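One structure below.
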Amino acid sequence: MKALLVCEYREGKLLDSSYELVAFADKLGADNVLLLIGSMAEVPRVNSTVYLADAEIYGEYNPDLHKKIVLAAVERENPDYIVFGHSSWGWDLAPRVATALRAGQVSEVVDIVDGQFVAGICNAKLRRTVTPKTDTVVLTIQSGAFNFDSTRQGTPLVERIELSEVIPSLEFIGYEPSEAKSVDLTRSEVIVSIGRGVGKKENVAVISALARALGGELGASRPAVDAGWVEHCQQIGATGQTVSPRLYIACGISGAIQHLVGMRESDFVFAINKDRDAPIAEVADVLVVADIMQIVPELTAKFLKTENTFRQAG
Amino acid sequence: MKILVCIKQVPDMESQFIINSQGNWFDENNLSFRMNEYDEYAVEQAVRLKEQLGGDPDITALSIGSGRVVDVLRKALAFGCDRGVHIVDPDSCAKDPWQIASMIAAFAQTEGFDLIFTGMQSQDRGSAQVGVIVAELLGISCVTTLIGFAYDNGVITVKRELEGGVKGVLKLKTPALVTCQLGLNVPRYPTLPNILKAKKKQLVAIPVGDMPHVRELTATCTIYRPRKKAGGLILEGDVGIVADRLMGILKECTMVMK
Ligand SMILES: Cc1cc2nc3c(=O)[nH]c(=O)nc-3n(C[C@H](O)[C@H](O)[C@H](O)COP(=O)(O)OP(=O)(O)OC[C@H]3O[C@@H](n4cnc5c(N)ncnc54)[C@H](O)[C@@H]3O)c2cc1C
Ligand SMILES: Nc1ncnc2c1ncn2[C@@H]1O[C@H](COP(=O)(O)O)[C@@H](O)[C@H]1O
């Protein structure tokens, strides 16, 4: 069994997530060969063959070119599995490769159980096992699901890969950097986050009062940011900040995987949700099944009262 | 200009899901359904483009599914789409992205759309595949995960969302397919007059038997609930009592009370 692992590279750097593909292939029990569209200096340190296509020529991510390069590597190696990270790179490229090969694709794989691939459905509320029905299978892997032992080092065998000319249909103009962060949540010890369950902007004050009482910062899930309730720099998750406070309180956040990846390293997690089955329960030390607007003011009041008694006594 | 918007109807994610008796999907009884969140951005963007171009583009909204999906098509018409096409397929939830995409591509092929909008993923299946496969089958340009869209004279400039808040800016020409990410725009609430107008718009039903059939490339075997965190506690009931318990936990397990 052989897996072709397609590494990710952006602005001159190999992305670390590429090593997670190796961890995945190990768990699958597959031999691996890698493909990097990048530079010699960034070839991953593994004991495998690495196909290298020169980024000087093929540039930053461009699906038409990159698809052709992946297909050229597939032709040479004839792998059983072609594996990508589930990222803006992978979810864009994988279905193109799969379509060209008429291969079945399983997206956002979080685990392998009895040879079947496990992925989330319904915003992670349920899981499913998927069986591919084709000889060649394309997979995208959930980031953080397969951990690579970074002490492991190897010596790659590099093989060059080149293309005859391809005229891309997309013109890459450039990158726009992320907005400057006016709030750095990565250092916060306590974060109270709001999600769509908070309902409306006027309700946010109730949650920020709890954050203030606890001496913490206000974080948010993406819909709360998209709705303009809080600033983008307060967003936590795949496209926001990654935080690991001592205490994280999620208010009205369902626990979609893109949110969890940003906060699951927190020491202690409270989740307040009216839905007992919300997937946030997977990471919550305490799940409070309640309406936020009822429980939060109660908790804030009790907390402030106790603190005051302490202070008066002290 | 001809535009296609692909819309999926999905269960409300706050529903209580019950696994069906075969254990391979959820039971659809007692679920409420809505438009896939990502597709709302797709519809909105298509309608904004129509407005920008003085009403010229003709927008078709397409949905594959059982009888109930007519509701999301009606909603799309109330947003401002011109006609709805319903591929009537009671088994669509058992089909894989390849089968769904093949039907959409077959439909699009006969119509010759200049621009196709889809969501970046469906909330229930979350495969993020259908749009890209359609584009590949049609052999047209495709960009995924849009958070910015501008159209000028056949040239589309888009912003793609990448990791860590970085955005990629790209240009492409029609015919093209784009997949829409959360936050691309602010979807409107259809007004009552528009809802009434939508009732008069054309809604075509095509039996799935009239579409080419391809075999599945992947199959869902079982579905199950993820485990809750080991040792995790669930608190519910009287708000005052729960708040007291939480105070106790804050004291014992966290550092916020010194
Ligand atoms: C490529 C990509 C990147 C993404 N990046 C991010 C990211 O960085 N960060 C992020 O957060 N998301 C991200 N998302 C979006 C993510 O998939 C989810 O859509 C999002 O996290 C859901 O936010 P939510 O939990 O606030 O809303 P919902 O999923 O709508 O959940 C709301 C929750 O509130 C509960 N609720 C409702 N009312 C109440 C009440 N009165 N009291 C108590 N509970 C209540 C509901 O039961 C529900 O569980 C990304 C998605 C994609 C595709
Ligand atoms: N049954 C369907 N009918 C119409 N469009 C669909 C259907 N399934 C998926 N799509 C479109 O494809 C996108 C991606 O879906 P998926 O690949 O399932 O994540 C969705 O956002 C829709 O725009």
Side-chain angles (χ1 to χ4, degrees), chain A residues 87-88 91-92 95-96 99 103-108 116 120-123 125-134 169-179 190 214-215 222 226 238-239 246-247 254 268 275 277 279 281-290 294-295 298-299 302-303 306, chain B residues 11 13-14 16-17 26 98 123-129 132-133 136-137 141 143-145 159-172 182-183 216-229 232-236 239-240 242-244 246-247 249 253-257:
Chain A
S87 64
S88 60
W91 69 58
D92 193 272
R96 302 180 197 252
T99 306
Q105 178 183 331
V106 190
S107 301
E108 215 166 2
Q116 288 179 333
I121 55 169
C122 297
N123 272 8
K125 270 184 117 164
L126 299 168
R127 292 273 159 82
R128 61 175 180 141
T129 58
V130 188
T131 308
K133 302 270 180 167
T134 51
S169 64
L170 306 180
E171 186 191 345
F172 177 73
I173 307 295
Y175 292 115
E176 229 176 65
S178 58
E179 291 159 38
V190 177
L214 297 173
R222 179 171 184 139
D226 287 342
T239 41
R246 309 272 289 268
L247 174 65
S254 62
F268 202 86
D275 178 5
D277 293 331
E282 252 190 289
V283 299
D285 296 282
V286 181
L287 171 68
V288 181
V289 185
Q294 292 180 355
I295 190 82
E298 187 84 10
L299 184 61
K302 287 212 153 98
F303 188 83
T306 320
Chain B
M13 294 302 147
E14 292 181 23
Q16 292 277 329
F17 288 95
F26 44 82
W98 166 249
Q123 288 173 285
D124 53 354
R125 220 174 237 285
S127 76
Q129 292 178 30
V132 187
I133 300 175
E136 289 291 304
L137 287 174
S141 314
V143 195
T144 60
T145 342
K159 266 187 215 171
R160 279 196 79 204
E161 181 178 70
L162 311 177
E163 286 65 33
V166 180
K167 300 164 192 96
V169 183
L170 298 137
K171 272 193 201 308
L172 64 156
L182 306 173
E216 66 181 5
L217 305 183
T218 59
T220 298
C221 297
T222 51
I223 71 165
Y224 57 93
R225 278 175 216 290
R227 250 170 259 122
K228 293 197 171 31
K229 179 163 181 165
L233 191 67
I234 298 181
L235 298 179
E236 54 196 324
V239 174
V242 169
D244 284 333
L246 285 175
M247 287 293 292
I249 296 166
C253 309
T254 75
M255 33 52 74
V256 294
M257 296 177 85

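On a predicted model such as this, the values are computed, not experimentally measured, just so you know. Every chain is numbered from 1, with letters handed out A, B, ... down the list of sequences. As a basis for the values below, the full set of heavy atoms in this structure was taken, side chains included, without hydrogen atoms, waters or symmetry mates.
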Original post:
Can you name the residues that form a side-chain hydrogen bond (donor to acceptor under 3.5 Å, both in side chains) with A:Glu298, not counting sequence neighbours?
Top reply: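 By the side-chain hydrogen bond (donor to acceptor under 3.5 Å, both in side chains) rule, A:Glu298 matches A:Lys302.
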Subject >> Residues which pass side-chain hydrogen bond (donor to acceptor under 3.5 Å, both in side chains) with A:Ser254, listed by chain and number, not counting sequence neighbours >> reply: none
Please flag which part of [X] lies under 4.5 Å from any non-hydrogen atom of chain B: side chain, backbone, both or neither.
X: A:Asp92; result: both
X: A:Tyr175; result: both
X: A:Pro279; result: neither
X: A:Gln105; result: both
X: A:Val288; result: both
X: A:Leu247; result: side chain
X: A:Gln294; result: both

Has [X] got a side-chain atom pairing as donor or acceptor with [Y]'s backbone, closer than 3.5 angstrom?
X: A:Arg222; Y: A:Thr239; answer: no
X: B:Arg160; Y: A:Ser88; answer: yes
X: A:Thr129; Y: B:Thr222; answer: yes
X: A:Ser107; Y: B:Ser127; answer: yes
X: B:Gln129; Y: B:Trp98; answer: no
X: A:Asn123; Y: A:Lys125; answer: no

Below 4.5 Å, heavy-atom pairs only: which of [options] has the largest tally toward chain B?
options: A:Glu282, A:Arg127, A:Gln116; answer: A:Arg127
options: A:Thr306, A:Ile295, A:Asp275; answer: A:Ile295
options: A:Gly120, A:Ala284, A:Gly215, A:Ala238; answer: A:Ala284
options: A:Asp226, A:Leu299, A:Thr131; answer: A:Thr131
options: A:Val130, A:Leu214, A:Val190; answer: A:Val130
options: A:Glu108, A:Glu176, A:Arg246; answer: A:Glu176

Original post:
Do the non-hydrogen side-chain atoms of B:Ile249 and A:Phe268 ever get within less than 4.5 Å of each other?
Top reply: yes
Original post:
Considering only heavy atoms, which portion of B:Arg227 lies under 4.5 Å from any heavy atom of chain A: side chain, backbone, both, or neither?
Top reply: backbone
